[in-house]
There are 2 protein chains.
Amino acid sequence: MQVGIQNRRQLVESIALFKKDGHNHGRCIDSAMNTAVNLCSRRGARLTDLRRRVLELVWQSHQPVGAYELLDILKDERRNAQPPTVYRALDFLLELGLIHRIESLNAYVGCNSPDTSHPSQFLICRDCGAAAEISDTRLDRAISGLADDAGFSIVRRTVEVEGQCPNCQAG
Amino acid sequence: MQVGIQNRRQLVESIALFKKDGHNHGRCIDSAMNTAVNLCSRRGARLTDLRRRVLELVWQSHQPVGAYELLDILKDERRNAQPPTVYRALDFLLELGLIHRIESLNAYVGCNSPDTSHPSQFLICRDCGAAAEISDTRLDRAISGLADDAGFSIVRRTVEVEGQCPNCQAG
DNA sequence: TTTTGTTATGTTATATTATAACATTATATC
DNA sequence: GATATAATGTTATAATATAACATAACAAAA
Ligand SMILES: [Zn+2]
Ligand SMILES: [Zn+2]
Ligand SMILES: [Zn+2]
Ligand SMILES: [Zn+2]
């Protein structure tokens with residue numbers, strides 16, 4: 001089944017972050033920042049210093065990060081950082097799809113592919129805390145299928161699968 | 001496909017709550033309370049007055065209810081209600097699976113079938129606020145399938161699909 | 001049936017997450 | 001440069017949740 005193979009390929013790519021040294025995270029960050037610059041430029045959105053910095057901080061790891069964690073760091077960098085400082089930046093980034101909010105953690109994580117609008121779907125490791133964004137046609141079909149059957153029109157979807165990543169199971 | 005038909009049947013049942021006069025909610029509550037009594041008895045858990053009352057309040061509707069909403073009601077009934085009063089009761093009910101927590105709303109809703117352990121999966125209407133618990137083999141398979149492919153072992157799953165229910169679309 | 005251990009609740013305080021409201025500053029457009 | 005708009009600064013507070021320790025209720029043992 002062609003779709004199955006493609007899903008698996010995407011999956012392997014998206015879970016690379018679970019492995020120690022499984023990927024070059026410096027590149028991860030660079031790529032995310034470049035994408036953000038381009039996307040903002042295309043959309044006529046202003047990626048200000050503050051917003052850029054918050055995005056950078058969110059991308060420091062693949063572990064979702066809380067607003068007040070970000071605020072603590074910002075406070076060391078700008079004398080005036082307050083909750084609205086970080087929440088406004090997060091709102092901006094959320095609106096553009098540059099980050100996702102993990103509802104079950106009250107935390108924020110960078111988005112893999114902000115160019116195209118898509119649901120928020122994650123595998124989240126209890127041990128290492130990393131969150132891997134997943135895109136899977138089976139899952140998409142299952143959800144749109146059951147919504148159709150129910151006559152329910154979808155506006156937003158949240159899928160958060162919590163467990164143990166392959167790396168943390170090994171240990 | 002046999003499974004598809006069964007899914008649809010379950011779905012029709014579980015979304016009945018979206019329809020005005022689509023079901024007898026008094027029975028809903030009675031059934032939930034009976035199930036709770038039985039389940040607690042079987043598990044040797046103490047369904048105290050407080051816990052029973054909180055469960056009753058949660059079941060007053062199919063709209064997920066916030067902890068402080070519950071607290072406001074409790075305060076009218078017992079002089080000493082405080083946040084821990086309601087959070088402890090909620091924790092007890094969550095642990096037994098008698099209620100679910102809706103992460104995207106910070107709110108709580110009664111569980112359809114607390115007898116068997118199952119993931120938290122909901123269709124949530126933006127307009128009327130009702131949350132319909134869904135169980136769907138396609139969805140189950142999609143999620144366990146992709147977790148398997150990723151070598152990820154699932155501990156807990158949250159699926160929250162937000163949108164418009166059939167009844168609210170009509171209006 | 002007192003004793004004793006355990007579970008549940010009361011009580012006070014505080015932590016964590018998020019927003020409201022209004023003032024000021026920076027940026028873009030005319 | 002004047003003006004409108006968007007972004008940030010600033011103060012205060014709302015909303016959600018937990019910590020910590022005291023008392024009360026309950027259940028099993030002695
Ligand atoms: Zn990375
Ligand atoms: Zn891990
Ligand atoms: Zn009902
Ligand atoms: Zn509705």
Side-chain angles (χ1 to χ4, degrees), chain A residues 36-37 40-58 63-96 98-109 129 158 160, chain B residues 36-37 40-58 63-96 98-109 129 158 160:
Chain A
V37 169
C40 286
S41 151
R42 258 181 292 131
R43 304 249 180 110
R46 285 166 55 191
L47 188 61
T48 61
D49 285 353
L50 175 62
R51 291 163 172 176
R52 184 199 318 276
R53 182 62 183 138
V54 170
L55 183 59
E56 227 168 54
L57 290 174
V58 169
Q63 274 104 30
V65 59
Y68 279 76
E69 268 181 87
L70 294 170
L71 180 54
D72 285 343
I73 301 170
L74 282 181
K75 272 184 167 162
D76 291 341
E77 300 177 354
R78 9 183 97 216
R79 52 192 185 304
N80 297 324
Q82 293 295 335
T85 314
V86 63
Y87 278 106
R88 283 167 181 158
L90 289 172
D91 285 347
F92 171 87
L93 298 170
L94 283 168
E95 201 135 326
L96 278 169
L98 290 167
I99 61 173
H100 290 286
R101 178 181 156 84
I102 308 293
E103 299 292 346
S104 58
L105 299 174
N106 296 331
Y108 306 82
V109 72
T158 303
E160 294 173 8
Chain B
V37 169
C40 287
S41 150
R42 259 181 292 130
R43 303 249 179 111
R46 287 165 55 193
L47 188 63
T48 60
D49 284 355
L50 175 62
R51 290 163 174 176
R52 184 199 319 275
R53 182 62 183 138
V54 169
L55 182 59
E56 228 169 53
L57 290 174
V58 169
Q63 275 104 30
V65 59
Y68 279 75
E69 267 181 88
L70 293 170
L71 180 54
D72 284 343
I73 302 172
L74 282 181
K75 274 184 166 160
D76 289 341
E77 300 177 352
R78 5 184 99 218
R79 51 192 185 304
N80 297 322
Q82 293 294 335
T85 313
V86 64
Y87 279 106
R88 283 166 180 160
L90 290 172
D91 285 347
F92 171 87
L93 298 170
L94 283 167
E95 200 135 327
L96 278 169
L98 290 167
I99 61 172
H100 291 285
R101 178 181 156 83
I102 308 294
E103 300 292 347
S104 58
L105 299 175
N106 296 331
Y108 306 83
V109 72
T158 303
E160 294 173 7

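As a basis for the values below, the full set of heavy atoms in this structure was taken, side chains included, without hydrogen atoms, waters or symmetry mates. Lettering follows sequence order; numbering is per chain, from 1.
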Atom pairs under 3.5 Å, N or O on each side, protein against nucleotides 20-30 of chain C: can you list them with distances?
{"unit_1": "C:dA21", "atom_1": "N6", "unit_2": "A:R88", "atom_2": "NH2", "d": "3.2"}

ask   = Which part of the nucleic acid, if any, lies within reach of A:R78 when heavy atoms closer than 4.0 Å are counted: base, sugar-phosphate only, or nothing?
value = sugar-phosphate
query = What are the two closest non-hydrogen atoms of A:A107 and A:P64, and how far apart are they?
reply = CB-CB, 3.6 Å
inquiry  = Does a side-chain N or O of B:N80 approach OP1 or OP2 of C:dT11 to a distance below 4.0 Å, or not?
reply    = yes
remark   = Closest non-hydrogen atoms of A:L98 and A:L55, given as atom of the first, atom of the second and distance, are O-CD1, 4.1 Å
ask   = Excluding sequence neighbours, so at least two apart, what forms side chain to side chain contact (heavy atoms under 4.5 Å, CB included) with B:S41?
value = none
ask   = Which pair of non-hydrogen atoms, one from A:E160 and one from A:S104, has the smallest distance, and what is that distance?
value = OE1-OG, 2.5 Å
Non-hydrogen side-chain atoms of B:T158 and B:I102 separated by less than 4.5 Å = no
query = Is A:Y108 close to A:L94 at the side-chain level, that is, under 4.5 Å between some pair of heavy atoms?
reply = yes
Protein and nucleotides 13-16 of chain D: nitrogen or oxygen contacts under 3.5 angstrom:
none

key: Phosphate OP1/OP2 of D:dA25: any B:T48 side-chain N/O under 4.0 Å   = no
Rounded distance (Å) that lies between atom C1' of C:dG10 and atom CG of B:L71 = 13 Å
message = I'd like to know if the side chain of A:E69 and the backbone of A:G66 have a donor-acceptor N/O pair within less than 3.5 Å.
response = yes
query = Whole Å only: how far is the CG atom of B:L96 from the P atom of C:dA8?
reply = 10 Å
request  = Can you tell me the distance, in whole Å, between the CG atom of A:L50 and the P atom of D:dT10?
outcome  = 13 Å
message = When you compare the side chain of B:L57 with that of B:L74, does any pair of heavy atoms fall below 4.5 Å?
response = yes
Per-pair distances, 0.1 Å, donor-acceptor, side chain in residues 77-88 of chain B, under 3.5 Å, sequence neighbours excluded:
{"unit_1": "B:E77", "atom_1": "OE1", "unit_2": "B:R53", "atom_2": "NE", "d": "3.0"}
{"unit_1": "B:E77", "atom_1": "OE2", "unit_2": "B:R53", "atom_2": "NE", "d": "3.2"}
{"unit_1": "B:E77", "atom_1": "OE2", "unit_2": "B:R53", "atom_2": "NH2", "d": "2.7"}
{"unit_1": "B:T85", "atom_1": "OG1", "unit_2": "B:Q82", "atom_2": "N", "d": "2.9"}
{"unit_1": "B:T85", "atom_1": "OG1", "unit_2": "B:Q82", "atom_2": "O", "d": "3.0"}

key: Interatomic distance, A:L94 CG vs C:dA18 C1' [rounded to whole Å]   = 13 Å
ask   = Between B:R51 and B:R46, is there a donor-acceptor pair closer than 3.5 Å when you use the side chain of the first and the backbone of the second?
value = yes
ask   = B:L47 has an atom CG; how far is it from atom P of D:dC26, in whole Å?
value = 14 Å
message = Nearest whole Å is fine: how far is D:dA6 C1' from A:D91 CG?
response = 15 Å
note = Rounded to whole Å, NZ of A:K75 lies from P of D:dT10 at a distance of 12 Å
query = Got a sec, which residues hit salt bridge (charged side-chain N to carboxylate O under 4.0 Å, His left out) with A:E103, two or more places apart in sequence or on another chain?
reply = A:R101, A:R156
query = Could you state the CG-P distance from B:D49 to C:dG10, rounded to the nearest angstrom?
reply = 11 Å
query = Does CD in B:E56 sit with more than 12 non-hydrogen atoms of other residues, nucleotides or ligands closer than 6.0 Å?
reply = yes
message = If you assign each of B:Q82 and B:A45 to its closest nucleotide in DNA chain C, which residue comes earlier from the 5' end?
response = B:A45
request  = Please give the angle, rounded to 10 degrees, between the axes at the start and the end of the helix from C:dT1-D:dA30 to C:dC30-D:dG1, where five pairs define each axis.
outcome  = 20°
